[in-house]
Amino acid sequence: MYYRGNENILRAEKAAILNSRQSKTPCGIDPWLKKTFGAVYDAVTQGYTIITSIGMNTWEFLVWATRFNNGRQIIVLPITDKEDEDQLISELTH
């Protein structure tokens, strides 16, 4: 595992917010968006670090909602290919 940023965040309490239902074209009045934002707000105000994976369709919304609420976040970058891993590590460490 490789990381970039404050390593203390890895020891903090964490929360993953998972969405099983979401529309293909999100709209601000969608209930799942409001509930997800509320879940992020609750987790952040309780001191949790939000875990987000770019493997999820909603990752950009979770990144925005966490930052909007001044939360801490771990963004997981799933890698399936050794060449991709080497390239990503090189980009993140230089």
Side-chain angles (χ1 to χ4, degrees):
M1 176 175 82
Y2 299 91
Y3 64 89
R4 184 175 183 183
N6 182 349
E7 72 179 88
N8 292 326
I9 203 170
L10 299 174
R11 292 187 273 284
E13 293 292 325
K14 297 165 202 60
I17 298 168
L18 307 173
N19 293 300
S20 61
R21 295 182 184 196
Q22 58 219 356
S23 57
K24 290 182 181 179
T25 53
C27 178
I29 61 172
D30 288 346
W32 73 268
L33 280 170
K34 291 179 180 182
K35 290 180 181 181
T36 300
F37 185 84
V40 170
Y41 174 80
D42 289 344
V44 167
T45 58
Q46 293 178 47
Y48 286 89
T49 296
I50 305 298
I51 299 175
T52 303
S53 171
I54 64 166
M56 294 177 54
N57 293 336
T58 58
W59 77 273
E60 291 174 300
F61 180 71
L62 288 169
V63 169
W64 172 82
T66 302
R67 182 65 190 120
F68 184 86
N69 288 294
N70 296 312
R72 298 173 307 213
Q73 188 164 53
I74 296 170
I75 301 173
V76 178
L77 305 169
I79 299 173
T80 57
D81 184 284
K82 179 67 174 145
E83 285 184 19
D84 291 342
E85 178 182 352
D86 292 341
Q87 180 180 350
L88 180 61
I89 292 167
S90 177
E91 289 173 12
L92 292 175
T93 57
H94 289 98

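- Using a 4.5 Å cut-off on side-chain heavy atoms (C-beta onward), F68 and Y41 make no contact.
- Taking the six-membered ring where the residue is Trp, W64 and F37 present tilted rings, their angle falling between 30° and 60°.
- Transitive grouping of hydrophobic side chains (ILVMFWY, heavy atoms separated by less than 4.5 Å) brings L62 and L18 into a common cluster.
- With rounding to the nearest 0.5 angstrom, the CD1 atom of I51 is 11.0 Å from the OG1 atom of T66.
- In plain terms, the two heavy atoms of G47 and R72 that are nearest each other are O-NH2, 2.5 Å.
- Residues K14 and Y48 share a closest heavy-atom pair of O-CD2, 3.4 Å.
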TODO: With side-chain contact (heavy atoms from CB on, under 4.5 Å) as the test, would you mind laying out the steps for T45 and N69 before giving the verdict?
DONE: CA-CA 8 Å; T45 58; N69 288 294; over 6 Å; no
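- Atom CD1 of I17 is separated from atom CD1 of I50 by 4.0 Å, given to the nearest 0.5 angstrom.
- Taking 4.5 Å as the limit, every side-chain heavy atom of V44 sits out of range of all side-chain heavy atoms of N70.
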